[in-house]
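Data block below; observations after.
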Amino acid sequence: MSTENEGINEGTTPVPPAPSAPPVPVETPSAAPQPPVPDAGAPTTPLPQTPAAPADGAWPPPTAPAAATEWPPPTAPQAAPPAVPAYATAGAYAEPGTHAYGATDGAVPQAGAAFGSGSGSGGSGSGSGGVQPPVWGASYQQPAPKAGKGRGGLVAALLIAALVAGGLGGGIGYTLAKNDDSSGSTTVSSSTSGGAVKRDPGTVAGVAAKALPSTVTIEAESSNGEGGTGTGFVFDTQGHIVTNNHVVADAVDGGKVTATFPDGKKYNAEVVGHAQGYDVAVIKLKNAPSNLKPLTLGNSDEVAVGDSTIAIGAPFGLSNTVTTGIISAKNRPVASSDGSGSSSSYMSALQTDASINPGNSGGPLLDAQGNVIGINSAIQSTGSGGLGGAAQSGSIGLGFAIPINQAKYVAQQLIKTGEPVYAKIGASVSLDESTGGAKITDQGAGGSDAVEAGGPAAEAGLKPGDVITKLDDTVIDSGPTLIGEIWTHQPGDKVTITYERDGKTHTVDLTLGSRTGDN
């Protein structure tokens with residue numbers, strides 16, 4: 001509630017309430033009257049001395065009865081004018097609790113509450129007590145404050161004392177500092193500074209210092225000049241750089257790719273191979289330097305929820321950016337676009353709350369020891385589901401990385417043959433996420449059979465209409481989840497499939513087949 005002034009109307013002069021002990025009224029004529037001139041023969045009497053204040057500080061002091069020789073002679077009593085206080089100290093007319101400007105009650109505003117509101121509490125000054133008018137002709141004497149009164153005066157006295165003390169302290173401090181100049185500084189300086197500081201390899205700074213020289217900012221440009229910025233990291237000493245497919249997709253057919261290291265050295269590169277389904281690509285530096293240091297690859301299968309993470313990339317083109325977080329989930333099924341909207345990638349991702357934004361794509365996700373545990377690939381945002389979407393927005397703490405165990409296998413295949421190899425079960429499944437599992441469709445893509453003849457699913461006895469609910473111990477809630485989980489394996493791996501048919505649950509083992517290329 002806003003604080004308001006009570007009893008004051010705009011444009012009028014406020015009339016203060018009468019103090020609890022009204023002062024003796026005094027007439028204020030428009031022109032001060034002149035005292036009557038005494039007769040020439042009247043005796044001259046000296047002016048009386050101003051009475052001293054009593055020892056107990058009471059005010060006003062008692063006055064002695066007027067003597068016959070008192071000057072000026074007393075005049076006849078007149079009618080008392082309306083009671084108007086003759087003297088008042090600052091704040092004497094403020095009613096307690098009504099004139100605190102801008103006061104607040106000290107409460108922190110709750111979320112969504114309107115700011116700027118406050119409630120006034122406490123008033124300033126006191127209105128009790130009055131001041132006796134001085135005796136005519138007597139010199140003015142400052143009244144002594146009563147006990148418990150004169151709060152404004154006390155505050156002023158304390159303020160003056162504080163200012164004096166502050167000035168004294170400043171003067172002493174300056175003098176001491178001046179006198180100390182000859183004996184040396186009293187500050188303590190570090191024995192090392194800047195690049196000479198040795199940082200523990202286990203700290204974020206230590207990990208970043210080791211990983212940054214092996215992380216590059218990638219610029220990919222198509223033949224018509226379109227493109228963007230992403231990130232990659234050194235995979236081997238031969239100059240291979242691992243990144244996302246959607247980072248270099250524009251430059252695959254006759255485009256241009258460059259990689260810039262943190263030291264500013266820039267190299268032209270070529271796309272060795274790319275896997276749209278995995279969202280993994282490999283480029284190779286032309287005239288690669290001989291001192292490349294590949295990042296150490298970790299084991300993403302051993303990562304646990306709560307483990308520390310460090311992400312390196314070029315968010316929104318800001319190269320060599322380091323952010324930190326934790327693994328917030330594992331085996332998170334994610335389907336992301338490659339940017340064109342015509343193709344999707346599927347992964348059983350590592351989820352992290354490390355800040356990841358457009359431009360972090362393809363960069364390494366490190367553990368606390370500096371080992372690569374994933375490739376930053378996608379984010380959940382209010383604008384789009386992935387880093388390649390058209391309506392991108394910033395990180396909301398939901399970033400996804402391709403597990404490095406999967407990415408390593410894909411990268412090695414791309415370096416070896418230039419084409420990706422995918423594991424498969426040989427059945428087409430619905431991409432609808434509301435089926436309660438991965439439902440085998442009645443017909444495959446392009447009119448083909450939903451269950452490939454002679455394939456793993458057919459040999460295991462799976463049929464159209466079956467709903468796959470588990471792969472090994474992983475719950476399958478949709479077709480994309482099944483695809484992402486299958487692609488964490490390699491062709492030839494044996495898996496256990498749990499499926500439902502006619503309301504009954506069945507379990508069957510099968511050996512995964514293989515498919516080469518993205519078509």
Side-chain angles (χ1 to χ4, degrees), residues 204-205 207-209 211-222 224-234 241-252 255-269 271 274 279-281 283 295 309-326 328 334 336-341 344-345 347 349-366 372 374-402 407:
V204 174
V207 170
L212 275 170
S214 299
T215 305
V216 299
T217 299
I218 298 174
E219 294 181 8
E221 184 178 317
S222 66
N224 59 8
E226 296 181 353
T229 301
T231 309
F233 61 92
V234 177
I241 306 293
V242 174
T243 185
N244 282 143
N245 171 71
H246 72 261
V247 170
V248 299
D250 289 333
V252 169
K256 179 182 179 182
V257 180
T258 60
T260 305
F261 285 83
D263 62 3
K265 294 182 179 179
K266 190 173 186 177
Y267 298 86
N268 292 324
V271 179
H274 61 102
D279 197 19
V280 175
I283 65 174
L295 292 183
T309 58
I310 301 170
I312 301 179
F316 298 103
L318 301 175
S319 303
N320 314 317
T321 296
V322 178
T323 56
T324 63
I326 62 169
S328 50
V334 174
S336 61
S337 171
D338 67 348
S340 65
S344 295
S345 301
M347 69 186 85
L350 298 175
Q351 178 180 307
T352 180
D353 65 350
S355 182
I356 296 176
N357 290 285
N360 276 106
S361 295
L365 183 69
L366 310 171
V372 181
I375 300 177
N376 302 319
S377 181
I379 60 173
Q380 179 68 44
S381 70
T382 56
S384 66
L387 291 176
Q392 298 171 351
S393 62
S395 171
I396 59 173
L398 290 174
F400 305 99
I402 304 167

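For this chain, numbers begin at 1 and follow the sequence in order. Side chains included, hydrogens not; waters and symmetry mates left out as well; all remaining heavy atoms used.
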Give, for atom [atom1] of [X] and atom [atom2] of [Y], the distance between the pair rounded to the nearest 0.5 Å.
X      : Y      : atom1 : atom2 : result
Ile218 : Tyr267 : CD1   : OH    : 14.5 Å
Leu212 : Ser319 : CG    : OG    : 10.5 Å
Asn376 : Phe400 : CG    : CZ    : 12.0 Å
Met347 : Ile402 : CE    : CD1   : 4.5 Å
Asn357 : Leu318 : CG    : CG    : 9.5 Å
Asn245 : Ile375 : CG    : CD1   : 11.5 Å

### Query
Looking only at heavy atoms, what is the nearest atom pair of Ile356 and Gly399, with distance?
CD1-CA, 4.2 Å
### Query
Taking all atoms of both residues into account, what is the closest heavy-atom pair of Gly317 and Thr229, and its distance?
CA-CG2, 4.5 Å
Quick one: does any side-chain atom of [X] pair with a main-chain N or O of [Y] as donor and acceptor, under 3.5 Å?
X      : Y      : answer
Thr243 : Thr231 : yes
Thr352 : Ile326 : yes
Thr309 : Gly325 : yes
Ser328 : Gln351 : yes

When you compare the side chain of [Y] with that of [X], does any pair of heavy atoms fall below 4.5 Å?
X      : Y      : answer
Thr215 : Asn320 : no
Phe261 : Pro213 : no
Lys256 : Asn268 : yes

### Task
Determine the sole option in Val248, Asp250, Asn244 for which the side chain to side chain contact (heavy atoms under 4.5 Å, CB included) test with His246 is passed.
Asn244
### Query
Name the one of Val242, Val372, Val234 that satisfies side chain to side chain contact (heavy atoms under 4.5 Å, CB included) with Pro364?
Val372
#### Entry: Pair Thr323, Ser355: side-chain N/O donor-acceptor within cut-off below 3.5 Å
no
